[in-house]
2 protein chains.
Amino acid sequence: MLHISTRGEYGVRVMIDLARHFEGGLRSLTEISEDEGLPVQYLEQLIKRLRDKDLVASVRGAHGGYQLTRTPDAIRMSEVLQALEGSLETYTCPSDKDTQGQTCDWGHRIDDCTTRMLWARLRTAIFQTLDGITLAELSAVPAHPALRGLLAGGASA
Amino acid sequence: MLHISTRGEYGVRVMIDLARHFEGGLRSLTEISEDEGLPVQYLEQLIKRLRDKDLVASVRGAHGGYQLTRTPDAIRMSEVLQALEGSLETYTCPSDKDTQGQTCDWGHRIDDCTTRMLWARLRTAIFQTLDGITLAELSAVPAHPALRGLLAGGASA
DNA sequence: GCTAATCCGAGTAATCCACTCAGAATTAAC
DNA sequence: GTTAATTCTGAGTGGATTACTCGGATTAGC
């Protein structure tokens, strides 16, 4: 039910990577994919979603790359996950789908239906916890040992 | 990401139905499927999961059926959803899968890995909200209008 | 103009979902 | 003891999604 796909997983890892190298200017996907051990071409698809939601900016051409559009402490994980997995609201459960504002088979408004209330409570719980975690918190965990100390300096490799 | 499948949805509706008819003795799947408008043979598969987790009891043969093994207020939705969608713990994210107790590519223990901490916080949030909702709460919402008033009496249709 | 990078669309094997189908096993009612 | 109603069980199936790969177009620094 809580299914975290690699889309979410990899996307978050890309964002954490970008957060760690935030001071270091542009960072290319090849760098990220090598450091994280993830397939480049797949990351291209994922980062598109992040760019479409304006979480990262891109520069094309040689020596191009990606960068966060905001400081890591201003990026909430709710935004990140919403960008990656089509938003938490639209990724709906069966009872939400067809019956917008209509009455269900039981005769009362679908909004009153019991299961719907359950999923709604679940979704707000998920949203609130994700909203309470920033990228900065996650990227505070140390990166690869070899990189420690370089992070605040301006490392790109 | 929060994907509620029909497995979860239908299963919950079955449980709510059984809760509403808790006083009325056994209830057959055909009754449930007619009242809820859900395919019987699919429900057979779902209710198997609920029975395996000892949430419902079954009686075979003619005039057989199902019944909750506990009163609705003693059944938490966390149990129900865990039974339906293989438990929230085992339904893991990619970073959980292969690396139990090992160190990850980064050299520190996988438990310290950032994404893992994120998913862990998410999962406990989900579990806690589900754990705070009982079947009784959900089944308190009125059933089909025609059935009101019959509920406490011993209705089977 | 070469090269490094971002972009973009299509294709694909594997897996899961939401069922259906066929039938065996069990039991109450006649 | 036959019939009918029911729970059980395993297998199959069309569609969707996932997790990618492939091929190439575009853009820019040197």
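Throughout, protein chains are lettered first and strands after them, A, B, ... in sequence-line order, and every chain is numbered starting at 1.
The only member of A:Asp17, A:Val14, A:Leu43 that meets side-chain contact (heavy atoms from CB on, under 4.5 Å) when paired with A:Glu36 is A:Asp17. Between A:Val80 and the choices A:Lys53, A:Met15, A:Arg49, the side-chain contact (heavy atoms from CB on, under 4.5 Å) rule is met once, by A:Met15.
Between C:dT20, D:dT6, C:dT27, one nucleotide has an atom nearer to the side chain of B:Ala62 than all others, and that is C:dT27. With C:dT26, C:dC7, C:dC17 as the candidates, the nucleotide lying closest to the side chain of A:Arg60 is C:dC7. Taking every side-chain heavy atom of A:His63 into account, D:dG29 is the closest of D:dC20, D:dG29, D:dT6. For A:Arg7, the side-chain atoms get nearest to D:dT18 when compared with the rest of D:dT6, D:dT18, C:dA5. Comparing C:dA22, C:dA4, C:dT6 by their closest approach to the side chain of B:Gln41 singles out C:dA22. For B:Gln45, counting side-chain heavy atoms from C-beta on, the closest listed nucleotide (D:dA11, C:dC7, D:dT6) is D:dA11.
Looking only at side-chain heavy atoms (C-beta outward), B:Leu135 and B:Met77 come within less than 4.5 Å of each other.
Of the side-chain N and O atoms in A:Thr6, one or more sit less than 4.0 angstrom from OP1 or OP2 of D:dA19. A:Tyr10 has a side-chain polar atom (N or O) that falls below the 4.0 Å cut-off from OP1 or OP2 of D:dC20. Phosphate proximity of C:dC7 to A:Ser58: present, with a side-chain N or O under 4.0 Å from OP1 or OP2.
Of all heavy-atom pairs between A:Ser33 and A:Val40, the closest is OG-CG2, 3.3 Å.
Here C:dT6 presents its P atom at 13 Å from CD of A:Gln67, a figure rounded to the nearest Å. As rounded to whole Å, 18 Å separates atom P of C:dA18 from atom NZ of B:Lys48. If you measure from atom CZ of A:Arg51 to atom P of C:dA5, you get 17 Å, rounded to the nearest angstrom. If you take OH of A:Tyr42 and C1' of D:dA19, they are 5 Å apart, rounded to a whole angstrom. Spacing between atom CG of B:Leu29 and atom C1' of D:dC8 amounts to 11 Å, rounded to whole angstrom units. B:Ile47 places its CD1 atom 8 Å from the P atom of D:dC8, with the value rounded to the nearest Å. Residue B:Glu44 contributes atom CD, which lies 11 Å from atom P of D:dT9 at whole-angstrom precision. Taking atom CG on B:Leu38 and atom P on C:dC19, their separation rounds to 8 Å, with Å as the unit.
Mapping A:Gly8 and A:Val59 onto DNA chain D by nearest heavy atom places A:Gly8 at the nucleotide closer to the 5' end.
Checking A:Tyr42 against A:Thr6 by side-chain atom types alone, a donor-acceptor pair falls below 3.5 Å.
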